[in-house]
Amino acid sequence: MAQQTSAGDLLQLVRTGSATTRGDLQRVTGLSRATVGQRLDRLFRAGWVREGEAASSAPSPQGGRPSLRLEFDDRHAVVLAADLETRHCRAAVLSLTGDVLAETSRPLLLSEGPEHVLGALGARLARLLKEAGLAPASVCGIGLAVPGPVDSASGTLVDPPIMPGWDGFDLSGRLARAFAEASGTTGASAAPVPVLVENDANLMAYGEQRAGWPECRAFALVKVSTGIGAGVVVDGAVYRGVDGGAGDIGHIRVPAGEGLDCMCGAQGCLAAVASGRALAARLRALGVPAASGSDVRALLAEGHPEAAGLARQAGRQVGEVLATVVTLLNPGVLMIAGDLAGTPFLTGVRELLYQRALPRCTAHLDVVTSRLGDHAALIGAAHLVVEHLYTPSRAEERLTALGV
């Protein structure tokens with residue numbers, strides 16, 4: 001076992017806090033002091049691990065000075081992340097521990113198609129990085145959140161209901177090329193920056209769970225904005241289903257939706273009844289200007305009575321579906337996020353959820369709203385990139401490529 005323990009394995013132990021000194025690494029891995037030192041030296045030279053203050057006042061097992069604490073050095077690189085919505089996009093530079101270092105939010109219409117949108121996004125990320133005073137070489141990866149089902153293996157969307165023209169498009173490749181062109185890193189020797197694409201609700205759930213409920217073994221987040229989707233984190237990992245379609249609850253048929261057209265082409269979907277788009281249409285019918293879920297969000301923030309009433313009704317309709325979700329998953333936390341995640345909607349959810357779900361399934365359930373707000377998907381994307389790039393096997397490959 002000890003012979004198979006790589007520098008990447010040592011990094012994993014340090015990153016997770018499973019071993020915080022050289023002595024800990026020796027005990028956990030069974031490696032000799034010299035071998036631990038050699039493999040740590042690779043991590044030091046890459047800038048991935050640093051030595052901090054003394055772990056304790058007690059001397060090291062070999063005698064002499066107290067052991068120094070080993071720490072993952074989150075200053076050696078940054079992550080770029082973007083969260084695409086139907087009408088605008090948020091982009092950010094984040095540390096390897098998920099701290100937002102710089103950000104921007106600008107209009108960007110998904111209806112203009114993937115070629116244009118990803119080209120513009122690549123340029124925006126390069127500009128934001130430059131404004132933050134950072135070089136393109138400091139970027140270890142890019143995370144992209146999109147409002148549709150994603151095949152994570154290929155980085156492509158699969159039949160996205162609210163993104164016509166995006167199905168099967170090479171999102172990772174196009175964004176990597178756009179960023180390289182905008183940042184001037186297109187030389188033959190330049191390796192493309194890895195781009196990970198994931199559903200936005202999945203990344204929101206991952207970011208919120210990592211930041212606020214790291215011990216929660218089953219965490220569910222429901223995003224209600226233009227559409228309705230859910231993200232699920234089980235045992236610290238995003239649950240995607242067999243092809244990225246897990247959590248697409250907005251297209252469950254509900255009685256209240258009978259005869260109503262949904263953007264997916266079907267009728268009767270939950271999203272056709274209770275999404276931000278649906279509520280905006282109802283408000284327009286009442287003479288209230290509202291074009292999108294973000295407009296409904298603004299009206300709710302102003303305390304608009306018609307918007308509040310419709311949001312509570314939508315919450316009840318979503319709550320009825322969530323009673324089944326909670327019974328199936330038995331989560332410890334159910335988080336409501338997105339444009340409608342305010343008091344009226346949450347009240348409606350709770351009314352139907354606790355009425356319809358089995359008491360056993362809600363006895364240890366916390367129903368809450370987002371803590372990270374608009375940063376949730378960005379922070380989730382940063383964590384996803386870091387977890388992908390610093391797994392033991394991939395870390396070992398990258399160390400070799402760096403020549404250390």
Side-chain angles (χ1 to χ4, degrees), residues 83-88 109-111 145-149 157 159-164 166 199-202 204-205 220-231 245-286 288-301 304 306-325 334-349 352-353 369-370 374 376-377:
D83 181 12
L84 283 178
E85 297 280 359
T86 54
R87 298 162 64 89
H88 73 281
L109 301 177
L110 290 186
S111 59
V146 293
L157 283 152
D159 296 326
I162 64 173
M163 300 176 72
W166 289 70
N199 171 262
D200 55 357
N202 284 349
M204 291 172 71
L221 177 144
V222 178
K223 179 188 178 184
V224 188
S225 291
T226 298
I228 301 175
D248 207 1
I249 65 170
H251 302 285
I252 293 173
R253 306 293 176 85
V254 294
E258 185 175 353
L260 296 177
D261 294 330
C262 181
M263 285 197 69
C264 71
Q267 288 189 335
C269 296
L270 179 64
V273 178
S275 67
R277 183 189 295 271
L279 267 62
R282 288 199 183 123
L283 286 167
R284 289 197 302 274
L286 295 173
V288 180
S292 65
S294 58
D295 292 335
V296 178
R297 179 180 186 172
L299 290 168
L300 290 170
H304 193 282
E306 284 87 357
L310 289 173
R312 182 168 179 172
Q313 180 183 0
R316 290 172 60 85
Q317 291 159 336
V318 173
E320 188 164 7
V321 171
L322 290 181
T324 301
V325 172
L334 173 63
M335 177 174 284
I336 308 299
D339 289 332
L340 303 191
T343 300
F345 187 88
L346 184 63
T347 299
V349 167
L352 259 291
L353 174 62
T369 54
S370 172
D374 292 339

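Counting from 1, the numbers follow the sequence of the chain as shown.
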Could you list the residues that satisfy salt bridge (Lys or Arg N to Asp or Glu O under 4.0 Å) with Asp374, not counting sequence neighbours?
Arg90, Arg297
Applying side-chain hydrogen bond (donor to acceptor under 3.5 Å, both in side chains), name anything that partners [X], two or more places apart in sequence or on another chain.
X      : result
Asp200 : Lys223
Asn199 : none
Ser225 : none

Only counting residues at least two apart or in another chain, list the ones meeting side-chain contact (heavy atoms from CB on, under 4.5 Å) with [X].
X      : answer
Ala272 : Leu260, Cys262
Ala281 : Arg284
Pro149 : Pro160, Pro161, Asp248

Within this structure, what is the [atom1]-[atom2] distance for the pair [X] and [Y], rounded to the nearest 0.5 Å?
X      : Y      : atom1 : atom2 : answer
Arg277 : Asp339 : CZ    : CG    : 11.5 Å
Met204 : Ser370 : CE    : OG    : 5.5 Å
Ser294 : Glu85  : OG    : CD    : 8.5 Å
Thr369 : Leu221 : OG1   : CG    : 10.5 Å

Looking at Trp166 and Leu110, would you say the former's side chain and the latter's main chain have a donor-acceptor pair under 3.5 Å?
yes
Please set out all donor-acceptor pairs under 3.5 angstrom arising from side-chain atoms of residues 306-321, sequence neighbours excluded.
from   : atom 1 : to     : atom 2 : distance (Å)
Glu306 : OE1    : His304 : ND1    : 3.3
Arg312 : NE     : Glu351 : OE2    : 3.0
Arg312 : NH2    : Glu351 : OE2    : 2.1
Arg316 : NH1    : Glu351 : OE1    : 2.7
Glu320 : OE2    : Arg356 : NH1    : 2.7

What closest approach, in Å, do [X] and [Y] show between heavy atoms, and which atom pair accounts for it?
X      : Y      : value
Met163 : Leu157 : CE-CD1, 3.5 Å
Ile336 : Ala341 : O-CB, 3.4 Å
Leu300 : Pro344 : CD2-CG, 4.4 Å

Side chains of Leu334 and Leu353 in contact at under 4.5 Å (non-hydrogen atoms):
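A side-chain contact exists here, since the closest heavy-atom pair is under 4.5 Å.
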Would you call Val296 and Leu340 a side-chain contact if the rule is heavy atoms closer than 4.5 Å?
yes
Give every residue pair that meets the side-chain hydrogen bond (donor to acceptor under 3.5 Å, both in side chains) criterion with at least one member in residues 255-276, sequence neighbours excluded.
Asp261-Gln267
